[in-house]
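Naming convention: chains lettered A, B, ... in sequence-line order (proteins, then strands); numbering from 1 in each chain. Any value given below was found using the heavy atoms of this structure, including those in side chains, with hydrogens, waters and symmetry copies removed. Owing to the predicted nature of the structure, the values given are computational and were not obtained by experimental measurement.
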Amino acid sequence: AIKNETAPAAWTYSNIEHMKTQLKQLGLGVDWNREIATCKPEYYKWEQWLFTELFKKGLIYKKTATVNWDPVDGTVLANEQVIDGRGWRSGALVEKRDIPQYFMKITAYAEELLTDLDKLDGWPEQVKTMQRNWIGKSFGCEVEFPILGLSDKLQVGNLKVYTTRPDTLMGATYVAVAAEHALATLAAHNNPQLAEFIAECKRGSVAEADVATAEKKGMDTGLFVTHPLNGEQLPVWVANYVLASYGEGAVMAVPAHDERDFEFANKYNLPIKAVIKNTGTDVLPMTEHGVLFNSSQFDGLNFEESTDAISSALSVKNLGKKRTQFRLRDWGVSRQRYWGCPIPIIHCATCGEVPVPAEQLPVVLPEDVVMDGVGSPIKKDPSFYETTCPTCNGKATRETDTLDTFFESSWYFARYASFDADKMCDERANYWLPVDQYVGGIEHAILHLLYARFFNKLMRDVGLIKNDEPFTNLLTQGMVLKDGSKMSKSKGNTVDPQALIDTYGADTARLFMMFAAPPEQSLEWADSGVEGAHRFLKRLWKATFDHVELGVTTAYTHGELSTELKLLRRQLHQTIAKVADDYGRRHSFNTAISSVMELMNALAKIETTDAVSRAIRQEVLENVALLLSPIVPHICQALWAELKPNSTILDAAWPEANKAAMVQDEVEYVVQVNGKLRGNMTVAKSMEKSAIEALAVTQPFVQKHLEGVSVKKIIVVPNKLVNIVAA
RNA sequence: GCCGGGAUGGCGGAAUUGGUAGACGCACCGGACUCAAAAUCCGGCGGUUGUGAGAUCGUGGGGGUUCGAUUCCCCCUCCCGGCACCA
């Protein structure tokens with residue numbers, strides 16, 4: 001909006017109009033009565049209502065979290081907008097700020113989000129795997145290390161870590177904490193050098209990819225902890241590879257059996273103690289499971305046994321226990337940007353955080369604003385944020401943060417189902433939901449699809465809908481790439497289909513796109529090939545009109561057929577069967593189209609115009625129009641009206657393959673010698689396996705390759721292939 | 001780094017359950033039609049070799065299982081998506 005010198009609302013509405021025009025020009029069948037815009041108060045009113053309900057239930061809470069602050073633009077930046085530590089527009093060095101923000105307790109649903117994946121038979125396995133890994137349920141132990149030498153007055157308690165490898169506990173040689181950890185803060189109190197190191201860590205990126213690939217750095221805190229089982233004193237380090245947001249923000253380091261600890265220990269000359277061996281390699285770091293040694297009373301135990309024994313030993317000392325842990329974190333939904341749904345909270349000096357009462361919703365975002373590029377307009381607008389407390393009627397201020405846009409996209413499908421309801425959604429949602437077929441880019445495999453599943457469960461639990469999961473079947477489209485990377489609004493490398501529609505018409509544009517690649521595969525966008533799609537439609541058009549010009553006829557039903565016509569009719573019905581399977585089961589539109597092209601190529605070779613030939617031609621053309629109608633509807637309707645005057649293709653039934661027409665009395669066998677193709681033979685369908693073997697061996701092209709060798713074995717794959725093994 | 005995918009002719013892709021690699025289309029080459037061009041129609045089109053029939057190699061690289069591997073297993077390379085504030 002800043003770049004285009006317009007208000008975000010005007011910009012958004014004009015984009016919606018542009019996109020709608022294109023969708024209409026492509027001839028898509030959309031019920032525009034149900035159109036919604038998530039930036040309109042009629043829509044976001046309901047998610048504000050849900051927010052207040054969840055807030056009251058304790059499923060939304062506030063805590064401080066770190067954001068990227070651009071001191072020049074006076075705004076918070078998304079991770080994507082920080083490039084090499086600098087703001088993408090201003091180029092200013094980005095600072096970190098800890099500010100209070102609202103979080104959704106998605107972790108309260110972690111177990112259900114995980115187990116319900118098993119119900120989603122209509123989802124691709126890869127998406128379910130990604131979600132399982134993201135939720136990341138792991139089984140391990142929490143282990144406590146008493147801290148040495150700190151005054152009891154500080155009351156920091158023990159240093160707690162979480163580990164999935166309790167079997168390696170006896171090999172722990174140091175512990176490491178994240179820069180954000182309380183113990184790091186404490187140790188830095190009288191240690192300026194450490195304080196500077198911690199500050200440096202905090203300046204770094206918060207993105208996990210950056211943390212994981214950064215050079216490992218650390219600093220000794222000078223503090224020691226006691227190993228809970230062997231009583232050894234272990235040094236406490238601050239390390240940049242420890243994630244503050246996972247587990248306890250602290251790890252026990254076992255360099256002998258962990259890659260990252262190993263690298264770190266080598267760099268800082270920390271001791272490395274091997275305690276696990278298996279039958280494979282003993283080169284360190286050895287990260288596989290094995291049998292314990294160097295572990296006193298636990299020697300000789302395997303992974304499961306040692307996990308039980310060590311967790312028991314910890315329990316006895318009250319210094320640890322078994323625990324399951326999720327990688328999933330709560331979802332931070334506060335955004336400090338203007339363009340979004342206002343968070344419906346009022347801050348009152350007396351009553352604290354008060355959710356806006358339902359009768360006062362929606363909290364409307366003013367659309368008539370000037371974007372000066374510095375900060376959010378509503379944060380500077382007293383007419384927006386000055387209000388009275390709904391509880392005590394005293395002076396109060398509105399929350400000026402807005403919601404993450406994922407909030408909007410997490411439930412729109414439920415609103416489509418009851419688009420004009422005077423609540424978030426009504427009984428009609430239960431009629432329509434779950435969505436039969438959801439289609440979306442693979443880039444949404446985790447975040448959007450997990451949030452939508454989460455929202456579905458939240459809406460179920462406030463009594464709005466009944467289903468447990470929002471989407472029965474999921475088709476994940478591959479990315480459309482341009483110049484090697486994802487085509488997207490934020491990259492600004494999108495291609496407008498308008499030029500194709502203008503030059504060739506909607507049907508050619510549709511056929512070309514559907515023919516280019518299967519939908520689940522990523523595709524580098526290129527226009528080459530659009531000519532071919534256009535040519536095919538012209539050929540189809542001409543074939544139909546050439547046929548109709550000779551007079552109206554009816555499709556073949558019975559009567560004697562020449563071999564040529566019989567073969568064509570068999571191909572027709574095989575094509576009908578294949579297209580139905582490609583559309584319905586495989587979502588493989590490109591192969592459906594190519595099989596119709598093959599059929600049309602075969603039809604073009606038939607030149608006879610007697611009554612039976614014309615009846616077969618009529619049958620082929622009618623069916624081709626029907627099969628292609630979902631992809632090129634306009635042309636197919638026009639052709640249908642020629643083939644069957646006074647009728648419309650929308651009233652016609654979807655074709656069914658005729659089994660009798662597909663019967664074959666002869667089959668072609670591929671004949672191989674030692675797996676190498678040597679020729680083909682045509683065999684009566686009824687021929688016995690032994691006769692097929694005998695016939696194959698006598699073929700001249702087989703005999704040639706059997707000179708000087710003898711047949712060891714013959715493999716017959718029914719209706720396909722014979723392989724003669726000879727040596 | 002971790003998680004999930006992918007790699008097949010000059011190009012997009014096909015081969016659905018381990019069974020003819022390259023369907024269909026693009027581009028290109030040759031021919032027909034034309035004064036000429038466009039359009040259209042016909043034919044060719046993975047590499048090497050051979051006059052030819054054919055032979056042989058070939059699905060990112062290396063190994064393995066199998067009568068038979070683009071397909072299954074192990075190792076590796078490169079590319080794409082995601083990594084919690086792009087959505």
Flag the pair A:His448 / A:Glu443 as yes when at least one side-chain heavy-atom distance between them is below 4.5 Å, and no otherwise. no
Using the P atoms only, state how far B:G54 lies from B:C45, rounded to an integer number of Å. 13 Å
Could you go step by step and tell me if A:Asp582 and A:Ser588 meet the side chain to side chain donor-acceptor pair (under 3.5 Å) rule? CA-CA 5 Å; A:Asp582 280 353; A:Ser588 173; 4.5 Å; no
Nearest whole angstrom, please: distance from the P of B:C2 to the OH of A:Tyr246. 16 Å
Could you check whether A:Val67 gets within reach of a base, just the sugar-phosphate, or nothing at all, counting any heavy atom under 4.0 Å? base
Counting only heavy atoms not in A:Asp118, do more than 12 sit closer than 6.0 Å to its CG atom? yes
A:Ile593 CD1 to B:A23 P, straight-line distance once rounded to whole Å: 18 Å
Checking contacts here: which listed nucleotide (B:C24, B:C85, B:A84) is nearest the side-chain heavy atoms of A:Trp331? B:C85
When you measure from the side chain of A:Met597, which nucleotide among B:C24, B:C57, B:U20 comes out closest? B:C24
Starting at CG of A:Asn601 and ending at P of B:C26, how long is that distance when rounded to a whole Å? 10 Å
Sticking with atom C1', work out how far B:U65 lies from B:C79, rounded to a whole angstrom. 29 Å
Any side-chain N or O of A:His444 below 4.0 angstrom from OP1/OP2 of B:C86? no
Taking atom P of B:G18 as reference, at what distance in whole Å does atom CD of A:Gln672 sit? 16 Å
One pair to check against side chain to side chain donor-acceptor pair (under 3.5 Å): A:Asp404 and A:Tyr451. What are the steps and the verdict? CA-CA 11 Å; A:Asp404 180 4; A:Tyr451 293 146; 5.4 Å; no
When rounded to the nearest Å, what value does the distance between P atoms of B:G47 and B:C11 take? 12 Å
Over all strands shown, is A:Glu668 touching base, sugar-phosphate only, or nothing at heavy-atom distances under 4.0 angstrom? nothing
Are A:Ser138 and A:Tyr162 close enough that some pair of their side-chain heavy atoms sits under 4.5 Å apart? yes
Any residue in residues 714-727 of chain A with a heavy atom nearer than 4.0 angstrom to RNA chain B? Just list them by number, or reply none. A:Ile715, A:Val717, A:Lys720, A:Leu721, A:Asn723, A:Val725
Assign A:Gly332 to base, sugar-phosphate, or nothing according to its heavy-atom contacts below 4.0 angstrom with the strands shown. sugar-phosphate
Residues A:Trp411 and A:Tyr43: side-chain donor-acceptor under 3.5 angstrom: yes
Any side-chain heavy-atom pair from A:Leu599 and A:Leu572 closer than 4.5 angstrom? yes
How far does the P atom of B:G58 sit from the matching atom of B:U77, given to the nearest Å? 24 Å
Indicate every side-chain donor-acceptor pair of residues 62-72 of chain A with a distance under 3.5 Å to a residue at least two apart or in another chain.
{"unit_1": "A:Thr66", "atom_1": "OG1", "unit_2": "A:Asp98", "atom_2": "OD1", "d": "2.7"}
{"unit_1": "A:Asn68", "atom_1": "ND2", "unit_2": "A:Leu77", "atom_2": "O", "d": "3.1"}
{"unit_1": "A:Asn68", "atom_1": "ND2", "unit_2": "A:Asn79", "atom_2": "OD1", "d": "3.1"}
{"unit_1": "A:Asp70", "atom_1": "OD1", "unit_2": "A:Val72", "atom_2": "N", "d": "2.9"}
{"unit_1": "A:Asp70", "atom_1": "OD1", "unit_2": "A:Asp73", "atom_2": "N", "d": "3.0"}
{"unit_1": "A:Asp70", "atom_1": "OD1", "unit_2": "A:Ser90", "atom_2": "OG", "d": "3.1"}
{"unit_1": "A:Asp70", "atom_1": "OD2", "unit_2": "A:Ser90", "atom_2": "OG", "d": "2.6"}

Hydrogens and angles aside, do A:Arg678 and A:Gln699 bring a side-chain donor and acceptor to less than 3.5 Å of each other? no
What residues 93-106 of chain A contributes to the RNA chain B interface at heavy-atom separation below 4.0 Å is A:Gln101
Name the orientation of the base relative to the sugar in B:G64: syn if the glycosidic angle is within 90° of 0, else anti. anti
Rounded to whole Å, how long is the line connecting atom CG of A:Asn674 with atom P of B:A69? 11 Å
With P as the reference atom in both, quote the distance from B:G22 to B:C28 in angstrom, rounded to an integer. 24 Å
Should A:Leu243 and A:Glu208 count as side-chain neighbours, where that means a heavy-atom distance under 4.5 Å? yes
Give a yes or no on this: more than 12 heavy atoms of other residues, nucleotides or ligands lie within 6.0 Å of atom NZ of A:Lys217. no
Considering only atom C1', compute the distance from B:A23 to B:U40 and round it to an integer number of Å. 24 Å
For A:Glu598, report the nucleic acid contact type (base, sugar-phosphate, nothing); a contact means any heavy atom under 4.0 Å. sugar-phosphate
Base, sugar-phosphate, or nothing for A:Lys676, non-hydrogen atoms under 4.0 angstrom? sugar-phosphate
With a 4.5 Å cut-off on side-chain heavy atoms, are A:Glu531 and A:Tyr504 touching? yes
Can you tell me which nucleotide in B:C85, B:C80, B:A87 comes closest to the side chain of A:Asn68? B:C85
Sort out for me which residue in A:Phe536, A:Trp525, A:Phe589 forms a ring-ring contact (aromatic ring centres under 6.0 Å, His included) with A:Phe512. A:Trp525
Please state whether the phosphate of B:A27, meaning OP1 or OP2, lies under 4.0 angstrom from any side-chain nitrogen or oxygen of A:Arg535. yes
Residues in side-chain hydrogen bond (donor to acceptor under 3.5 Å, both in side chains) contact with A:Asp210, at least two apart in sequence or another chain: A:Ser205
Does a side-chain N or O from A:Arg678 land closer than 4.0 Å to OP1 or OP2 of B:U56, or not? yes
If I pick the C1' atom on B:U16 and the same atom on B:U71, what distance separates them, to the nearest angstrom? 11 Å
Shortest non-hydrogen contact from A:Pro255 to A:Pro285? O-CB, 3.9 Å
On a heavy-atom basis, the closest approach of A:Tyr102 and A:Ser334 is N-OG, 2.7 Å
For the side chain of A:Glu208, counting heavy atoms from C-beta on, which of B:C57, B:G1, B:C41 is nearest? B:G1
Quick one: stems involving RNA chain B, counted as three or more successive Watson-Crick or G-U pairs, both distances short of 3.5 Å. B:1-7 with B:77-83, B:10-12 with B:24-26, B:28-32 with B:40-44, B:46-49 with B:54-57, B:60-64 with B:72-76
On a whole-Å scale, what distance lies between the P atoms belonging to B:C42 and B:U48? 29 Å
Remember a base hit wins even if backbone is also touched, and classify A:Phe536 as base, sugar-phosphate or nothing at under 4.0 Å, heavy atoms. nothing
Reading 5' to 3' through nucleotides 3-17 of chain B, protein heavy-atom contacts under 4.0 Å coded B for base, S for sugar-phosphate only, - for none: SSS------BSSSB-
